[in-house]
Amino acid sequence: MSGAAGGGAPSCGGAAGPCAPGAGGGGVGIAGRLPSRVLEHIFSYLELPELMRCSLVCWHWNRCLSDENSEVWRTLCGRALSEEALRSDILCNIPTYKDKLKSYQHALSSHDCSRNVYVKKNGFTLHRNPIAQSTDGARGKIGFSEGRHAWEIWWEGPLGTVAVIGIATKRAPMQCQGYVALLGSDDQSWGWNLVDNSLLHNGEVNGNFPQCNNAPKYQIGERIRVILDMEDKTLAFERGFEFLGVAFRGLPKACLFPAVSAVYGNTEVTMVYLGKPLDG
């Protein structure tokens, strides 16, 4: 996201900027001198695309939108996100209203998933229907071709025989017959099977993960942090506050999406985008 959503502070263009006295378009100049409280009240009626454009008008407008917990962002959150998402602990690691909106924009897609799953009303949790002999997955709404990104994923039901988290291109399938490791089944996806701690890509097992003796198995409800670095072309994982290591290296220069695949009937998986990793 850019502009208001990204927190950038564009220049007014010097003395001839849109908020400068005597600039062309006197209406904009007057608006640039409105008190912050008045601007915030006006901005609270706008949607995100309009707010992004408003942040580019001048320094004054940009500063009014720079408080990520302001009434503007709180109001927009209340309109865009469900009450369940805002009141539950789904977004407990997201500190500001502006970042909560960003997480919602990056959540699992209800339009880019298997026909056997759906995204619940909270906007962040995938539910797999009890369909026999099927493996079903979903991609995030937004993929990444540059930068560093982190998101959390956790299971809220049984894993079954295969439960994989990772990344995929748009070409990777999100449904197949049988109970298999869908992510990692071809050269378009990379996955970590939480059931047996194996890494999967191109239809092959690329070793165990994490690389330690007697690695603990995943526990239901445990949040796994996924870290995608498109500069170094790596995918890494964290559990709690423990860095588990880099799982995949040499990722392609492509648009890569957060993805999950599941086989157990009525199991649920939640994904929350965190933004740039804190260590970066």
Side-chain angles (χ1 to χ4, degrees), residues 93 108 113-114 117 125-128 133-140 148-169 172-230 232-252 256-274 277 279:
N93 292 328
L108 291 171
C113 59
S114 165
V117 303
T125 302
L126 172 148
H127 180 99
R128 182 190 179 274
Q133 292 300 315
S134 179
T135 301
D136 307 285
R139 266 181 288 261
R148 303 178 71 239
H149 306 271
W151 58 91
E152 290 181 330
I153 292 183
W154 64 96
W155 245 257
E156 300 183 62
L159 299 182
T161 55
V162 186
V164 188
I165 62 177
I167 54 175
T169 70
M174 288 293 106
Q175 192 275 331
C176 70
Q177 295 299 310
Y179 302 133
V180 301
L182 183 56
L183 287 185
S185 63
D186 59 13
D187 62 355
Q188 299 297 309
S189 59
W190 297 256
W192 175 23
N193 184 5
L194 300 177
V195 176
D196 62 7
N197 283 338
S198 62
L199 294 177
L200 307 156
H201 175 60
N202 205 20
E204 299 178 350
V205 174
N206 289 8
N208 293 327
F209 186 85
Q211 294 181 350
C212 61
N213 294 328
N214 300 317
K217 294 294 182 67
Y218 178 81
Q219 301 297 314
I220 301 300
E222 190 174 38
R223 298 193 181 205
I224 298 294
R225 184 166 297 183
V226 188
I227 303 170
L228 176 64
D229 189 332
M230 292 303 296
D232 288 341
K233 303 295 188 295
T234 60
L235 185 70
F237 296 95
E238 292 181 358
R239 178 165 33 212
F241 295 100
E242 179 186 5
F243 182 69
L244 300 179
V246 173
F248 295 100
R249 300 182 185 274
L251 297 175
L256 302 176
F257 293 75
V260 301
S261 67
V263 300
Y264 199 90
N266 292 321
T267 195
E268 296 186 340
V269 189
T270 300
M271 187 193 87
V272 174
Y273 179 75
L274 301 174
D279 62 351

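Side chains included, hydrogens not; waters and symmetry mates left out as well; all remaining heavy atoms used.
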Open item on the list: Looking at every non-hydrogen atom in both residues, tell me the closest pair between A236 and F243 and how far apart they are.
Closed with: CB-CE1, 3.7 Å
TODO: Locate the shortest heavy-atom distance separating Y179 from V162; write the atom from each residue and the value.
DONE: O-CG2, 4.3 Å
Open item on the list: Let's go through W192 and N197 carefully: what are the C-alpha distance in whole Å and the side-chain angles of both, what is the deciding distance for side chain to side chain contact (heavy atoms under 4.5 Å, CB included) to 0.1 Å, and is it a yes or a no?
Closed with: CA-CA 7 Å; W192 175 23; N197 283 338; 3.5 Å; yes
TODO: Could you tell me which non-hydrogen atom of P277 sits nearest to which non-hydrogen atom of I227, and how far apart they are?
DONE: CG-CG2, 3.8 Å
Open item on the list: Measuring from atom CH2 of W190 to atom CG of L256, what distance do you get when rounded to the nearest 0.5 angstrom?
Closed with: 5.5 Å
Open item on the list: I'd like to check W155 versus I165 (side-chain heavy atoms, cut-off strictly below 4.5 Å). Are they in contact?
Closed with: yes
Task: Pairwise side-chain contact, V117 with L108, heavy-atom cut-off 4.5 Å (strictly under) - done: no
Open item on the list: Suppose we screen for side chain to side chain donor-acceptor pair (under 3.5 Å). Which residues come up paired with Q175, at least two apart in sequence or across chains?
Closed with: S134
Open item on the list: With a sphere of 6.0 Å drawn around CD of Q211, does it hold more than 12 non-hydrogen atoms of other residues, nucleotides or ligands?
Closed with: no
Open item on the list: Tell me whether T135 contacts the main-chain N or O of V263 through its side chain, where contact means a donor paired with an acceptor under 3.5 Å.
Closed with: no
TODO: Please round to the nearest 0.5 Å and tell me the distance separating atom CG of L199 and atom CZ of F209.
DONE: 6.5 Å
Open item on the list: Going by side-chain contact (heavy atoms from CB on, under 4.5 Å), L200 matches just one of N193, L183, N206. Which one?
Closed with: N193
- [ ] Quick one: pull up CZ in R239 and CD in E222 and give me the separation to the nearest 0.5 Å.
- [x] 5.0 Å
Task: E152 side chain near N93 side chain, heavy-atom distance below 4.5 Å - done: yes
Task: Between CZ on residue R148 and CG on residue D232, distance to nearest 0.5 Å - done: 7.5 Å
TODO: Please report the closest heavy-atom contact between M174 and A138, naming both atoms and the distance.
DONE: SD-N, 3.4 Å
Task: Residue pair E156, T125: steps toward the side chain to side chain contact (heavy atoms under 4.5 Å, CB included) verdict - done: CA-CA 9 Å; E156 300 183 62; T125 302; 3.8 Å; yes
Open item on the list: Does any part of the side chain of C113, heavy atoms only, come nearer than 4.5 Å to the side chain of D136, both counted from C-beta?
Closed with: no
Task: For the student: nearest non-hydrogen atoms of N266 and H127, plus distance - done: OD1-NE2, 3.0 Å
TODO: Supply the atom-to-atom distance L159 CG to L194 CG, rounded to the nearest 0.5 angstrom.
DONE: 6.0 Å
Open item on the list: Can you give me the closest heavy-atom contact between I153 and V226, atom names plus distance?
Closed with: CD1-CG2, 4.5 Å
Open item on the list: I need the R223 CZ to W154 CH2 distance, nearest 0.5 Å.
Closed with: 3.5 Å
TODO: Could you tell me whether a side-chain N or O of H201 sits under 3.5 Å from a main-chain N or O of S189, the two making a donor and an acceptor?
DONE: yes
TODO: Would you mind reporting whether E268 and T270 have side-chain heavy atoms less than 4.5 Å apart?
DONE: no
Open item on the list: Between R225 and E242 (side chain of the first, backbone of the second, donor and acceptor by atom type, cut-off under 3.5 Å), is there such a pair?
Closed with: no
